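Letters A, B, ... are given to chains in the order of the sequence lines, protein chains preceding strands, and every chain is numbered from 1. Given the structure is predicted, the values throughout are model-derived calculations rather than measurements.
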Amino acid sequence: MGEPAPGESWRQATDSGELLLVAAAGLLVVAAVAQTAAAGLVQPRIALAFGALISLGEVLRLSLEGGRESAPIGSAGAFGYAVVLTVGGKPALQPALQVIAVVAAGMVLGALPHLAAGRPAGLAGMASRLIGVAVVAALFRPLSTIVAITRPGDWGLALAVMAVVLVIGWLAECLIGALISADALRARFRVALWDEMRVQLPLGAAVAATAILIAFAAGMMGLVALGVFIAPLLVTQMAFRRYAGIRATYLETVRALARVTEVGGYVEDGHARRVGQLAVVVGRELGMSEPELLELEYAALMHDIGQLSLRDPIPGGATVLASPEQQRRIAELGAGVIDQAGVLDGVAEIVRYQSWPWRGQERQPPVGSRIIRAANAFDDLVGASAETSRTVAALEWLRLDTATEYDPRVVEALAKVARRRHRSHR
Amino acid sequence: MVTGTGHRSHGERTSKLSPGARLYVAVVVAAAVAVLARALGADSDLDGPVSQSWTMAVLVLLFLICDSAPAPVAARQSAWSPSSSVTLAAVVLVGPVGALVVGATSLFSVRRGLSLVQRVFNASMYGLSAWAAGQAYLALGGEVGPPGHSSFPGIIGPFAAAAVVHVLINHGLLWGMLLLAPASEPGQPRGTLQRYLPMLVLSDLGYASLGLLIAALWSVGGAFAAILVLMPLFVARWAIGQFAAQERAYASTMAALCQAVETKDWYTRGHSERVSRGSVMIAREVGMRGRRVEAIRYAGMLHDVGKLGVPTTVLQKNGALTEEELAAIQLHPMRGLAIVREIGFLDEALAGIMHHHERMDGSGYPMGLAGAEIPEFARVIAVADAFDAMTSNRSYRGARSIEEAIADLRKWSGTQFDPALVEAFVAALKREGWEQPRAATVQPADGVAVPDHDDPAAALRVVDSK
């Protein structure tokens, strides 16, 4: 039930960033496995128990918003293995490279059922999770002997060190995620990082706290602690799965229902969807964050919904050719419909001002409205056609009107993404 | 843990309690007080709570933090909070009586809109479930006090039993309350809670096991263990809250969009929502559950989306139709399907939308399916659809009464409608009632009389095109 990232079809053809990430993680795993094989597995029972938990967690992967993937149970197990100090009263002695090897083995094993079911292996997600664990293990394992030996019984110090190290590991994962999406979706890095941290924060906090609890509880209860922890994490995961599911259904439904204007003959086929995608990439180009983009996408998909209240469709459905009064009326009617929902006030606002010129009014329309205005005009003029000459002509048409009608920043961003699309089509 | 939460006004709530519900509350409270009084009489029971006053204080604080920030479930009828893990930790650390006291402090939780009766009921309910869980724990040989290395894994069995008992009694007592105290919005909340119940019970069992961890880490450092345990609890709470909020947002967005579709015809305002409600009533009556009910709710809502593809001039045409126009109307379920196909619905919901104009005798459209060939969802929607069309105003006739409409449904039962579903609907109508739409006062601009395609009495007619 993954929720596709908005503007999926405008993705770059080659995800060079992901490739690089997977290669780096692969090299790390090869080194870790070679070293562990040469030195021999330290405390194989502990390794086996944590490895099994990580596999299970990987089987129970979770889709988060924006097409992100997470494996909270697996991550908690992996981080727990990286920071565990004692198991059942005896010190845990695994070196950092062994942690990496065991976690990698658990992940690969857990990915097999996904492959068998015909789902993608999710290499990039696994790689970024592995690197997060590697950072924690590399920082903490050398410290663990010091923390455990110098102050036996003083849990405060151990707790503080664990917390700091886990936060660093979490930040590393967010950084990787942001780099990947900045590369694949052409998002601005700072915005992408912020989005990544926002989405990963709640689950990340739960995973880190659980990892620390596992580490301490294993010291007290032995490996039973792992078994006891599976149940509550499963519950958190279930809550998140349903949350992600309803989010995805929501978007799917709005996307589908936006098509009613097409079926009703009010607008050209695929118009709502194309304007939605174009608005999102333009918005991203202008540095909008994911929540803003979602609102923008909803507004773009529903921007013509007001036409349903017209007794007869506008000939050809192209609002760009309708009179300003009529455009304004359609926008008002559409915003009225969306206001009815009571939960999409931002969306209604964007739809309401979509017909406003960007300058010369008593107030400036929100940036979302300006984007939709330009994207709608562009699509009305170009349609589904991929001809360069039509695109160029449409852009020229928009540029001529940047004095009052279309926001020049939006038009330039639109020109940029249109150029990019033509390059990748060739 | 699940609590009954308030409506916005206290007085309204208390005055609405039926005599049965009042008696029920009184019995639960009396039981809790009796248990506490007996414990106060026996000194040995008090050893745990009194000698560990510091532990008790931290537990109470922890419990109140958890209990004060519940996630609302199912339209303000009840709320979920992860506080059960704290009461279960109390069972291990301070024994049944201490746990009872911890649970009973729910009386003082910082929540707005709770009436005194509700607070007292919640406190008694928590106290009783905690105490019973403690008894189960002791009965299976669990030891009271912070567990050490040697306690594991032996402690797990008694603790699991305590958790199960706790969840059962908590949900059982609340269930009784919900059954006795009718909700302010008839028909809705009980069903909604039913949808969430499996998730809530599982969550509670899951978080119960965290109680063991609070207890296990207590000797290491009570407060710090508690903070660590709180983190995943509140994340789960956050996710459940988000889920419920998204679901509500989804439902209202869907309703708004359906209403937009209905603007084509003044007379069908609210039709989709009512058909959705009627379909759900039938579905529940014939024993559908969970996801299927959800699917039929949305299928009912969206069943006429395809009407948008029918030109307005045809929809509002007075009198007989040409062959072409008839075909346009008969294709609307297919067009609806084309729109909603991409939504991740159950296939059943799609079939329901596509076939809601089939008739049992095979004379319907678009496929002319007959009898059991017609998907169940479609047969359900057909009944609710026709019923709402008959009980609503149309430009060419006034709304019929519910009794007349039921008589008509029965008349066409077998030829047009599935008899079993008609009877199920009648039974549900008798119990839950039906809110007829207010009479439409707005006339269409051109004032034409339009036969509704949903109206079983106003069959579509074709003009002789020659």
Report which part of B:Leu302 has an atom under 4.5 Å of a heavy atom belonging to chain A: side chain, backbone, both, or neither. side chain
Any idea which heavy atoms bring B:Ala239 and A:Ala239 closest together, and the distance? CB-CB, 3.9 Å
Would you say CD of B:Glu143 has more than 12 non-hydrogen atoms from neighbouring residues, nucleotides or ligands within 6.0 angstrom? no
Determine whether A:Gln340 and B:Leu257 satisfy the following criterion, side chain to side chain contact (heavy atoms under 4.5 Å, CB included), listing intermediate values before the conclusion. CA-CA 9 Å; A:Gln340 291 281 322; B:Leu257 286 173; over 6 Å; no
Please work out which of the three classes, parallel, tilted or perpendicular, describes the rings of A:Phe240 and B:Trp238, given edges at 30° and 60°. tilted
Residues B:Ala256 and A:Val337: closest non-hydrogen pair is CB-O, 3.6 Å
Point-to-point distance, once rounded to the nearest 0.5 Å, from CD of A:Glu252 to OH of B:Tyr250: 8.0 Å
Looking only at A:Ala206, A:Gly336, A:Gly342, most heavy-atom pairs under 4.5 Å shared with chain B are made by A:Ala206
Proximity breakdown for A:Leu257 and chain B, heavy-atom pairs closer than 4.5 Å: both
Distance from B:Glu247 atom CD to A:Ile246 atom CD1, nearest 0.5 Å? 4.5 Å
Of all of B:Ser252, B:Gly306, B:Pro147, which one pairs up most often with chain A through heavy atoms under 4.5 Å apart? B:Ser252
For the residue pair A:Tyr250 and B:Thr253, confirm or rule out a side-chain donor-acceptor distance under 3.5 Å. yes
In this structure, CD of B:Gln242 is separated from CD of A:Glu65 (nearest 0.5 Å) by 8.5 Å
Select one option (side chain, backbone, both, neither) describing which atoms of B:Ala249 are under 4.5 Å from chain A's heavy atoms. both
Does a sphere of radius 6.0 Å around CZ in A:Arg273 hold more than 12 heavy atoms from other residues, nucleotides or ligands, not counting ones at 6.0 Å or beyond? yes
Check each atom of B:Ala338 against the heavy atoms of chain A and say whether the ones under 4.5 Å are side chain, backbone, both or neither. backbone
Quick one: are B:Arg248 and A:Val343 in side-chain contact, heavy atoms under 4.5 Å? no
